Amino acid sequence: MAAKGAGDKIREARTGHKFVTIKNYKLRIAILKELKMFGGSLNHTQFAKQYDISRMTLYRYLEEIIKDMECSSFTPKQQITFYRDRIKEWQN
């Protein structure tokens, strides 16, 4: 028997810093380029299979991307440029 709201309780209890890696940003760029909801050609299942990630991981990334876009009021193209700039900063 599953506990009601266990996921929400765990998420609220986790307090700590999130580390965003270059791989994370590259996957975010791929999501923005290739998912149908951003003008690409792949649906969620196809994208998850192609990039060998679980759909839950994909949904977590989508949630983060949407939050980033709401906070910055960027378009998907502007968000891609933002992520590319972050990658360049870390590589230098």
Side-chain angles (χ1 to χ4, degrees):
M1 178 162 42
K4 259 190 178 175
D8 293 332
K9 291 176 186 176
I10 292 170
R11 195 173 300 120
E12 287 176 15
R14 289 183 180 158
T15 56
H17 301 292
K18 288 187 177 181
F19 294 100
V20 182
T21 62
I22 290 175
K23 182 180 176 184
N24 183 313
Y25 278 134
K26 287 181 179 179
L27 190 60
R28 288 180 185 200
I29 290 169
I31 289 170
L32 287 166
K33 283 183 175 180
E34 297 189 26
L35 276 185
K36 282 184 182 177
M37 68 186 295
F38 297 113
S41 61
L42 299 176
N43 63 27
H44 295 158
T45 307
Q46 292 168 334
F47 184 88
K49 284 182 183 177
Q50 183 173 334
Y51 284 89
D52 196 30
I53 60 171
S54 72
R55 285 190 304 158
M56 290 307 296
T57 301
L58 175 60
Y59 295 137
R60 183 171 38 102
Y61 278 109
L62 276 173
E63 195 174 293
E64 292 171 4
I65 290 169
I66 291 169
K67 281 182 187 176
D68 286 349
M69 290 175 68
E70 285 175 355
C71 291
S72 62
S73 66
F74 283 166
T75 64
K77 286 186 179 183
Q78 291 172 324
Q79 196 67 36
I80 289 171
T81 305
F82 174 78
Y83 291 148
R84 283 187 179 146
D85 291 343
R86 294 294 158 263
I87 291 171
K88 286 178 187 174
E89 285 178 11
W90 286 2
Q91 289 178 339
N92 292 333

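What you see is a predicted model; the values in this text were computed from it and never measured.
Side-chain atoms of F38 and Q79, non-hydrogen and from C-beta on, never get closer than 4.5 Å to each other. Looking at I31 and E64, their side chains never come closer than 4.5 Å, going by heavy atoms from C-beta outward. Using a 4.5 Å cut-off on side-chain heavy atoms (C-beta onward), I80 and F74 make no contact. In this structure, F82 and D68 have side chains that are not in contact, with every pair of non-hydrogen atoms separated by 4.5 Å or more. Using a 4.5 Å heavy-atom threshold, the side chains of Y25 and D85 count as separate. Counting heavy atoms from C-beta outward, K26 and I22 have side chains that approach closer than 4.5 Å.
For the atom pair I65 CD1 and L27 CG, the distance stands at 7.5 Å (nearest 0.5 Å). Put simply, CZ on R55 and NZ on K49 are 9.0 Å apart, with the number rounded to the nearest 0.5 Å. Note that OH of Y61 is 4.0 Å distant from CG of N24, once rounded to the nearest 0.5 Å. The distance from atom NZ of K33 to atom CG of L35, rounded to the nearest 0.5 Å, is 13.0 Å. Atom NZ in K23 sits 13.0 Å away from atom CD1 in I87 (nearest 0.5 Å). Going from atom CD of E34 over to atom CD1 of I29 covers 11.5 Å, rounded to the nearest 0.5 Å.
Taking a cutoff of 4.0 Å between a charged side-chain nitrogen and a carboxylate oxygen, E89 and R86 qualify as a salt bridge.
More than 12 heavy atoms of other shown residues, nucleotides or ligands fall within 6.0 angstrom of atom CZ in R60.
Smallest separation of non-hydrogen atoms from Q78 and S73: OE1-O, 4.2 Å.
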Q: List the steps, then state whether side-chain contact (heavy atoms from CB on, under 4.5 Å) holds for H44 with M37.
A: CA-CA 9 Å; H44 295 158; M37 68 186 295; 3.8 Å; yes

